[in-house]
Amino acid sequence: MDLRAVRGMNDILPEQVRRWHQLEADFRLHAELYGYAEVRTPLLEHTSLFSRQMGETTDVVEKEMYSFERHGEQLTVRPEGTASAARAYVEHSVHAKEPITRWYYLGPMFRGERPAKGRYRQFYQAGCEVLGDAGPVCDAEMLDLIAGFLRRIGVPDFTIHVNSLGSAGTRGRYRDKLLEYFTPLRDRLSEDSQRRFERNPLRILDSKDPRDQEAAKGAPSILDLLDDDDLAHWKGFLHALDVLGLPYVVDPGLVRGLDYYTRTLFEVKAVGSDLGAQSTLLGGGRYDTMIESLGGPKVPAIGFAMGLERLLTVIPEPPPRRGPGCFIAPIGAAAADRALLLARELRSFGVRVELDGRGVKLKPMLRRADALGARLCIILGDGEIERGVVTVKDLVGHAQDEIPFEGAARVLADRVSEPSPDISHARGLR
RNA sequence: GUGGGUAUAGCUCAGGUGGUAGAGCACUGGAUUGUGGCUCCAGUUGCCGCGGGUUCGAGUCCCGUUACUCACCCCA
């Protein structure tokens, strides 16, 4: 095969799409329960939106975006959802129409990273954003939504990690303190962290390298630098989590890659999964200054996004798809005509029908019906036409009888909805 | 961008020390002129990733290359 999908971009075949539908439906349900409404934004945005919002020096912006020029415009295929949602919020002056806005989104994102397990160049994210609510209860409720959703879809075990970055000033002060702390230890850090030292010293804290972990042991905590307002928010957040009974881990080393976060920061990791290094199922946090920096009003905001591929590798396989209610096996040209009409009528009763139009012998048709896991097989040949009947074979049991062709659809529709006579033979459903 | 692993039938994979391809599953036909699943029999499917080298001879050894994959970086 010389034609392949683009690297890092995957086909999702129907067998798997079922799982995606299920996941998406569960997400929508939970988001709606908490008052969120779906927003849909374009896949393409002006490049500047992302470079300004995510931070010029983040890896995503520096080397992972699919950017190009077209008709004199610098465009980028969205690498994440928050920037677009924020842009739409500002563009439509939503703040002037309602004090609090709760939006969710769902769709593909694109980053030109080297693919690995649970990480692809086209990947799907679902996320929520609350705009206009600065309170810590809002942050805790978002985690409540998340935890309920994860349990609902069957994530076996996960941990919630939380941290606070304070406001912009706090972050700057903390950065200085960290630099001060790491400077004498600098030559003991890993090569990667030597680089981080220059660019983003906060990231040294969550390095996986044992040398860095050793060096970071006595590092100052950002939580000690929070000002009164930040601290009140942080405490309110933890209090609300306690009220909700949500277990969490305070992780002062939790730093996220995007520059726009303030105060609350959280991450949910899968426990005991085979996701390898990509065990982070979702991440989010508060971005109280982003809307304003986008040229919008002073509106606080918080959001999270989760990777659907990662969720899918962690949750159990759903039961197999049920077969059609009726499989129609016509034998001969006259039967084929009748079968065509019968199939349509059955469907009008809401019965899922598969008609075998191959014109082959009965045996392969029955085999096909069985492989599909059909409930009933309708056999229609010359004999049946002469007698004005159809033969109905129960594929779950073995029973077979004839019913009048006239009014057959209604009778079959009723029969399909009945419980199977002998469930122990329900095999071949794969 | 860096490092490791892998590449043989539609799928999952065997193929010591080089002798010109195999199994299971799937699919098709038959045993059963119009009756599925189970069983039995038979059959179809391969540029052995690609290019080059060594050799009388390469799926097997060497070099290169591409793809996939895992890990790092980073992130969902």
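What's counted below: heavy atoms across the whole structure, side chains too, no hydrogens, waters or symmetry copies. No experiment lies behind these values; they were computed from the predicted model shown. Chain letters run A, B, ... following the sequence lines, proteins first, then strands; residues in each count from 1.
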Enquirer: Mark yes or no for a side-chain to base donor-acceptor pair under 3.5 Å between A:Glu267 and B:A76, with no hydrogen or angle criteria applied.
Expert: no
Enquirer: Taking any heavy-atom pair under 4.0 Å as a contact, classify A:Ala369: base, sugar-phosphate, or nothing.
Expert: nothing
Enquirer: Got a salt bridge between A:Arg211 and A:Asp192, using NZ or NE/NH1/NH2 to carboxylate O under 4.0 Å?
Expert: no
Enquirer: Looking only at non-hydrogen atoms, find the nearest pair between A:Cys138 and A:Val130 and report the distance.
Expert: SG-CG1, 3.8 Å
Enquirer: What interatomic distance, in whole Å, is found between P of B:C11 and the corresponding atom of B:G57?
Expert: 33 Å
Enquirer: Any chance the side chains of A:Arg186 and A:Thr183 put a donor and an acceptor closer than 3.5 Å?
Expert: no
Enquirer: Using a 3.5 Å limit for the pairing distances, which stems of at least 3 consecutive Watson-Crick or G-U wobble pairs does RNA chain B take part in?
Expert: B:1-7 with B:66-72, B:10-13 with B:22-25, B:27-31 with B:39-43, B:49-53 with B:61-65
Enquirer: Determine the Euclidean distance between corresponding C1' atoms of B:C40 and B:A21; express it in Å to zero decimal places.
Expert: 27 Å
Enquirer: Could you measure between the two C1' atoms, the one in B:G43 and the one in B:A26, and give it in whole Å?
Expert: 14 Å
Enquirer: Say you pick atom C1' in B:C25 and the same atom in B:G64; how far apart are they, in whole Å?
Expert: 36 Å
Enquirer: Taking the side chain as every heavy atom from C-beta outward, state whether A:Phe266 and A:Leu282 have any pair of such atoms under 4.5 Å apart.
Expert: yes
Enquirer: Expressed as a whole number of angstroms, how long is the span from A:Asp370:CG to B:A26:C1'?
Expert: 15 Å
Enquirer: Hey, is the main chain of A:Ala270 close enough, under 3.5 Å, to the side chain of A:Ser279 for a donor-acceptor pair?
Expert: no
Enquirer: Please list, pair by pair, any protein nitrogen or oxygen found under 3.5 Å from a nitrogen or oxygen in nucleotides 68-70 of chain B.
Expert:
| residue | atom | partner | partner atom | Å |
| --- | --- | --- | --- | --- |
| B:C70 | OP2 | A:Lys117 | N | 3.1 |

Enquirer: Enter the distance from A:Arg18:CZ to A:Ile12:CD1 here, rounded to the nearest 0.5 Å.
Expert: 14.5 Å
Enquirer: Pick the P atom in B:A58 and in B:C68, then give their distance to the nearest Å.
Expert: 30 Å
Enquirer: Determine the contact category for A:Arg367: base if any of its heavy atoms lies under 4.0 Å from a base atom, sugar-phosphate if only primed atoms, P, OP1 or OP2 are that close, otherwise nothing.
Expert: sugar-phosphate
Enquirer: From the list B:G29, B:A76, B:C73, which nucleotide is the closest neighbour of the side chain of A:Arg310?
Expert: B:A76
Enquirer: Is the distance between the ring centroids of A:Phe182 and A:Phe197 under 6.0 Å?
Expert: no
Enquirer: With rounding to the closest Å, how many angstrom separate the P atoms on B:U55 and B:G15?
Expert: 28 Å
Enquirer: For A:Phe50 and B:C74, give me the distance from atom CZ to atom P, rounded to whole Å.
Expert: 22 Å
Enquirer: Any side-chain donor-acceptor pair under 3.5 Å between A:Tyr124 and A:Gln122?
Expert: yes
Enquirer: Mapping A:Arg119 and A:Tyr124 onto RNA chain B by nearest heavy atom, which one lands closer to the 5' end?
Expert: A:Arg119
Enquirer: Find every protein N or O atom lying less than 3.5 Å from an N or O atom of nucleotides 40-48 of chain B, and list the pairs.
Expert:
none

Enquirer: Using a cut-off of 6.0 Å, state whether more than 12 heavy atoms not belonging to A:Glu406 lie near its atom CD.
Expert: no
Enquirer: Could you measure between the two P atoms, the one in B:C27 and the one in B:G36, and give it in whole Å?
Expert: 15 Å
Enquirer: Just the rounded figure in Å: distance from C1' of B:A76 to NZ of A:Lys269.
Expert: 11 Å
Enquirer: Rounded to the nearest angstrom, tell me the gap between atom CZ in A:Arg111 and atom P in B:G1.
Expert: 18 Å
Enquirer: Please report, rounded to the nearest Å, how far the P atom of B:C73 is from the CG atom of A:Leu189.
Expert: 14 Å
Enquirer: Taking only residues at least two apart or on different chains, which pairs with a member in residues 101-111 of chain A satisfy side chain to side chain donor-acceptor pair (under 3.5 Å)?
Expert: A:Glu32-A:Tyr104, A:Glu98-A:Thr101
Enquirer: How many whole angstroms separate atom CD of A:Glu64 from atom C1' of B:A76?
Expert: 12 Å
Enquirer: How close or far is atom P of B:C74 from atom CG of A:Leu205, stated in whole angstroms?
Expert: 12 Å
Enquirer: So, for A:Val250 and A:Leu223, which heavy atoms are closest and what is the spacing to 0.1 Å?
Expert: CG1-CD1, 3.7 Å
Enquirer: Set out, line by line, the N/O atom pairs under 3.5 Å between protein and nucleotides 33-35 of chain B.
Expert:
| residue | atom | partner | partner atom | Å |
| --- | --- | --- | --- | --- |
| B:G34 | O6 | A:Gly383 | N | 3.0 |
| B:G34 | O6 | A:Glu384 | OE1 | 3.1 |
| B:G34 | N1 | A:Glu384 | OE1 | 2.7 |
| B:G34 | N1 | A:Glu384 | OE2 | 3.0 |
| B:G34 | N2 | A:Glu384 | OE2 | 2.8 |
| B:U35 | O2 | A:Lys393 | NZ | 3.2 |
| B:U35 | O2 | A:Gln400 | OE1 | 3.2 |
| B:U35 | N3 | A:Gln400 | OE1 | 3.1 |
| B:U35 | N3 | A:Gln400 | NE2 | 3.0 |
| B:U35 | O4 | A:Gln400 | NE2 | 2.9 |

Enquirer: State whether A:Glu345 and A:Arg410 are salt-bridged, where the test is any N-O pair (Lys NZ or Arg NE/NH1/NH2 against Asp/Glu carboxylate O) under 4.0 Å.
Expert: no
Enquirer: If I compare all heavy atoms of A:Gln194 with all of A:Leu189, which pair ends up nearest, and what's the gap?
Expert: NE2-O, 3.1 Å
Enquirer: Measure across A:Gly132 and A:Ile100 and return the closest heavy-atom pair with its distance rounded to 0.1 Å.
Expert: O-CG1, 4.0 Å
Enquirer: Please test A:Asp230 against A:Ser164 for side chain to side chain donor-acceptor pair (under 3.5 Å), starting from the C-alpha separation and ending with a verdict.
Expert: CA-CA 8 Å; A:Asp230 290 341; A:Ser164 176; over 6 Å; no
Enquirer: Answer with base, sugar-phosphate or nothing: what part of the nucleic acid does A:Arg121 contact at a heavy-atom distance below 4.0 Å?
Expert: nothing
Enquirer: Side chains of residues 79-86 of chain A: which donor-acceptor pairs under 3.5 Å do they make with residues two or more places apart or in other chains?
Expert:
| residue | atom | partner | partner atom | Å |
| --- | --- | --- | --- | --- |
| A:Glu80 | OE1 | A:Tyr260 | OH | 2.8 |
| A:Glu80 | OE2 | A:Thr82 | N | 3.3 |
| A:Glu80 | OE2 | A:Ala83 | N | 2.7 |
| A:Thr82 | OG1 | A:Glu129 | OE2 | 2.8 |
| A:Ser84 | OG | A:Glu45 | OE2 | 3.1 |

Enquirer: Without decimals, in angstroms, what is the distance between A:Glu191 CD and B:C73 C1'?
Expert: 12 Å
Enquirer: Rounding to an integer number of angstrom, what distance separates B:U8 and B:C47 when you compare their C1' atoms?
Expert: 12 Å
